[in-house]
Amino acid sequence: MIRAWYLLLIVTFCTVSVATASADVYKYRDANGNVVYSDTPVEGAERVDVVVHNPATPGESTTAIDSPTNDPHGSPSDEPVAYNLAITSPAHDSTVPMGQETLSVNLALTPSAPVDTTYRLLANGTPIAQGNQTNFVLEQLYRGELVLTAEAIDTEGNVLATAIAVTVHVKRASRRITTLPTNGM
């Protein structure tokens with residue numbers, strides 16, 4: 001009898017969980033004119049479809065801007081291509097240890113970009129490197145947090161895709177300027 005009770009309890013819990021997960025959402029304005037979202041319908045409320053998106057993890061690309069391209073057979077395609085740009089190296093939240101003088105930054109654009117695509121690398125919002133290659137080597141890194149992002153740019157200057165920012169922590173020894181006592185020497 002107790003086993004049947006537990007089984008009934010589990011089935012009831014699962015049913016309530018599924019019903020809660022698929023609950024409707026309603027949108028309406030309250031007496032003060034504020035927009036209110038609720039799972040309880042009220043007079044004048046409209047049902048809203050809720051779409052759940054998983055957030056992109058650092059290092060993945062953002063939704064790219066569509067850009068026209070050619071298909072492999074050489075004829076122009078009517079459909080724009082959605083490019084995705086990602087910083088594949090270094091990893092997000094990685095550390096550049098003391099003694100390491102350079103940092104290699106690698107980019108990946110999918111699908112393959114036209115031959116004349118330019119890549120712009122930005123550090124803390126400032127462009128620091130640009131070229132047709134997907135690999136950049138940074139030198140003379142300063143101590144602190146370095147937020148890297150990149151852009152893929154077509155020949156007309158349009159941004160095809162932008163990579164999600166990757167944060168790198170640069171470790172450097174601090175310099176302390178002190179005056180040592182001379183003791184009359």
Legend entry - Pairs flagged by salt bridge (charged side-chain N to carboxylate O under 4.0 Å, His left out) wherever residues 130-142 is involved - sequence neighbours left out: none
Inset, instruction - Enter the distance from Asn34:CG to Arg29:CZ here, rounded to the nearest 0.5 Å. - result: 8.0 Å
Inset, instruction - Return the minimal non-hydrogen interatomic distance between Phe136 and Ala129, and the atom names on each side. - result: CD2-CB, 3.6 Å
Inset, instruction - Keeping the roles fixed (side chain from Thr149, backbone from Ala163), state whether a donor-acceptor pair exists under 3.5 Å. - result: yes
Inset, instruction - With sequence neighbours excluded, tell me which residues meet side-chain contact (heavy atoms from CB on, under 4.5 Å) with Glu156. - result: Asp154, Asn158
Legend entry - Side-chain cluster (under 4.5 Å, hydrophobic types only) that Tyr142 belongs to, other residues: none
Legend entry - side-chain contact (heavy atoms from CB on, under 4.5 Å) involving Ala108 - partner list, sequence neighbours excluded: Thr88
Donor-acceptor list for residues 93-104 side chains, cut-off 3.5 Å, not counting sequence neighbours:
{"from": "Asp93", "atom 1": "OD1", "to": "His169", "atom 2": "NE2", "distance (Å)": "2.6"}
{"from": "Ser94", "atom 1": "OG", "to": "Ala91", "atom 2": "O", "distance (Å)": "2.8"}
{"from": "Gln100", "atom 1": "NE2", "to": "Thr102", "atom 2": "O", "distance (Å)": "2.8"}

Inset, instruction - Go through the structure and list residues passing side-chain contact (heavy atoms from CB on, under 4.5 Å) with Pro111, not counting sequence neighbours. - result: Val81, Tyr83
Legend entry - By side chain to side chain donor-acceptor pair (under 3.5 Å) - contacts of Asn135 (at least two apart): none
Legend entry - Candidate pair Leu138 and Leu121, rule side chain to side chain contact (heavy atoms under 4.5 Å, CB included), full reasoning: CA-CA 10 Å; Leu138 305 181; Leu121 183 64; 3.8 Å; yes
Legend entry - Nearest atoms (heavy-atom pairs only) where Ala150 meets Leu107: CB-CD2, 3.6 Å
Legend entry - ILVMFWY clustering at 4.5 Å (side-chain atoms), partners of Val36: Tyr28, Val42
Legend entry - Residue pairs involving residues 111-128 (criterion side-chain hydrogen bond (donor to acceptor under 3.5 Å, both in side chains); sequence neighbours excluded): Arg120-Gln130, Arg120-Glu151
Inset, instruction - Kindly compute the distance separating CG (Leu85) from CG (Leu160), expressed to the nearest 0.5 Å. - result: 9.5 Å
Legend entry - Gap between atom CG of Leu122 and atom CG of Leu148 - 0.5 Å precision: 9.0 Å
Inset, instruction - Taking side-chain contact (heavy atoms from CB on, under 4.5 Å) as the test, write out the residues that go with Lys27, two or more places apart. - result: Val35, Tyr37, Glu46, Val48
Legend entry - Distance-minimising heavy-atom pair for Val147 and Ala165: CG1-CB, 3.7 Å
